[in-house]
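Okay, so here's the structure we're looking at.
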Amino acid sequence: MPIKACLFDFDGTLADTLPTIFSVFKTLHFEYEGEALPPETVLSWFGPAEDVIIAEQYAHHPDVMAVQKRFYDLYREQHVNVPVPERLPDVLKYMAGTMPVGIVTGKGRKTLDISLNLLFPDLAFQVTIAGDEVENGKPHPEGLIAAAEQLGVPPQETMYVGDSNGDIQAARAAGMRCAGVSWFDRPHMRPLTERPDYHYATVREFELNWSSWNP
């Protein structure tokens, strides 16, 4: 079947936000707990949206809302350090002229909006679903299926692009085809062991080859 829509993960796929997330949690933890936070611990927290993580990990703090606000302030401030591949915004604009393009991410709505406004201010994605807008996060397919429904495109005619095993598993469970990408360094992340339908090591490779989805 032809591909008529493309959905993207965000962290580690559209922008290299993962080092910033690690850095923000390290700073936050030192400020509120007075101790260093290993990257492996932050990685073990991944899954729920950020406000859920903070509510769980800092439940003992007398003002969890203040901890959440500090997290979002740090996240916004540190976006000056977030790299976006040089060609990627242009590639996304071109794709959006040929098919619906959207985002399904485990990020919470607040951090997703911060990242989109600061990193992709000129792009209008036709659907964006954040991690705190679904009952079940990836690798459950709920968010991907909901995005396809909003676009009016069957899952089997939708491509999902992500950088993690959970992304590929979610695409498979949704009945979508999937593309794995590895154009960012992943020093703290689990290796990509799932086999996607396509794999792209660079944005240039993706740019030159995504049209082959519909031979």
Side-chain angles (χ1 to χ4, degrees), residues 1-18 20 49 75-76 79 82-134 137-138 141-164 166-168 170-184 196-215:
M1 288 190 176
I3 295 297
K4 296 182 179 178
C6 186
L7 301 171
F8 290 87
D9 172 51
F10 194 90
D11 294 322
T13 300
L14 295 185
D16 195 14
T17 45
L18 292 171
T20 294
Y75 186 78
R76 185 179 292 104
H79 262 63
V82 175
V84 174
E86 183 177 354
R87 289 287 304 161
L88 188 55
D90 291 334
V91 174
L92 293 173
K93 287 179 184 178
Y94 183 80
M95 290 186 73
T98 66
M99 67 175 71
V101 174
I103 293 172
V104 180
T105 176
K107 297 175 77 62
R109 172 52 62 181
K110 288 183 181 179
T111 52
L112 177 60
D113 285 346
I114 290 170
S115 292
L116 287 176
N117 290 335
L118 294 176
L119 303 177
F120 298 96
D122 300 324
L123 277 171
F125 294 93
Q126 291 188 246
V127 61
T128 61
I129 294 182
D132 51 4
E133 295 169 341
V134 295
K138 296 179 290 185
E142 178 185 346
L144 280 69
I145 293 171
E149 288 178 351
Q150 289 187 36
L151 293 175
V153 178
Q156 60 268 30
E157 296 179 0
T158 304
M159 180 72 71
Y160 188 59
V161 182
D163 71 310
S164 73
D167 293 332
I168 298 170
R172 297 283 190 222
M176 297 180 180
R177 277 173 275 178
C178 52
V181 302
S182 55
W183 48 58
F184 293 122
D197 297 296
Y198 303 88
H199 178 263
Y200 305 104
T202 67
V203 173
R204 181 61 173 165
E205 185 180 346
F206 178 79
E207 179 181 13
L208 293 174
N209 291 285
W210 69 268
S211 58
S212 67
W213 296 343
N214 294 321

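Please read all numbers here as calculations on a predicted model, not as lab measurements.
Looking at R177 and Q156, their side chains never come closer than 4.5 Å, going by heavy atoms from C-beta outward. Side-chain contact between L118 and R76 is present, with at least one heavy-atom pair separated by less than 4.5 Å. A 4.5 Å side-chain heavy-atom check between I114 and H79 finds at least one atom pair inside the cut-off. Looking at heavy atoms from C-beta onward, I103 lies out of side-chain contact with I129 at the 4.5 angstrom threshold. Residues W210 and Y198 are not in side-chain contact: their nearest non-hydrogen atoms beyond the backbone lie 4.5 Å or more apart. At least one side-chain heavy atom of L116 sits less than 4.5 Å from a side-chain heavy atom of F125. Between Y160 and V104, the closest side-chain pair of non-hydrogen atoms falls below 4.5 Å. The side-chain heavy atoms of S182 and Y200, taken from C-beta on, include no pair separated by under 4.5 Å.
Taking every heavy atom of both residues into account, V84 and L14 meet most closely at CG1-O, 4.0 Å. Nearest heavy atoms, V203 versus P85: CG2-CB, 3.5 Å. The two residues V127 and Q150 make their nearest non-hydrogen contact at CG2-OE1, 3.3 Å. Annotation for I168 and C178: closest pair CG2-SG, 3.7 Å, computed over non-hydrogen atoms. Here the shortest heavy-atom pairing between A49 and G108 reads CB-CA, 3.7 Å. Nearest heavy-atom pair, N214 versus P2, reported as atom, atom and distance to 0.1 Å: OD1-CA, 3.0 Å.
Residue pairs satisfying the salt bridge (charged side-chain N to carboxylate O under 4.0 Å, His left out) criterion with at least one member in residues 124-134, sequence neighbours excluded, are listed as follows: R109-E133.
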Practice task
List the steps, then state whether side chain to side chain contact (heavy atoms under 4.5 Å, CB included) holds for D9 with V161.
Solution key: CA-CA 6 Å; D9 172 51; V161 182; over 6 Å; no
Practice task
Assess whether side-chain hydrogen bond (donor to acceptor under 3.5 Å, both in side chains) is satisfied between D167 and S164, documenting all intermediate values.
Solution key: CA-CA 5 Å; D167 293 332; S164 73; 3.1 Å; yes
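Rounding to the nearest 0.5 Å gives a distance of 9.5 Å between CE of M95 and OG of S211. Rounded to the nearest 0.5 angstrom, D16 CG and D11 CG are separated by 9.5 Å. For the atom pair CG of L7 and CE of M176, the computed distance is 5.0 Å after rounding to the nearest 0.5 Å. With values rounded to the nearest 0.5 angstrom, M159 atom CE is found 8.5 Å from M99 atom CE. Taking CG of L151 as the reference point, atom OG1 of T158 lies at 7.0 Å (rounded to 0.5 Å). Considering OG1 of T128 and CG of D113, their distance stands at 7.0 Å, rounded to 0.5 Å.
Side chains of Y75 and T17: no donor on one and acceptor on the other come within 3.5 Å.
Between F120 and F10, the ring planes are perpendicular. Angles over 60° get that label, and only those under 30° would be called parallel. In this structure, W183 and F206 have perpendicular ring planes: the angle between them is above 60°, well past the 30° mark.
Not one N or O on the side chain of T111 forms a donor-acceptor pair closer than 3.5 Å with the backbone of K107.
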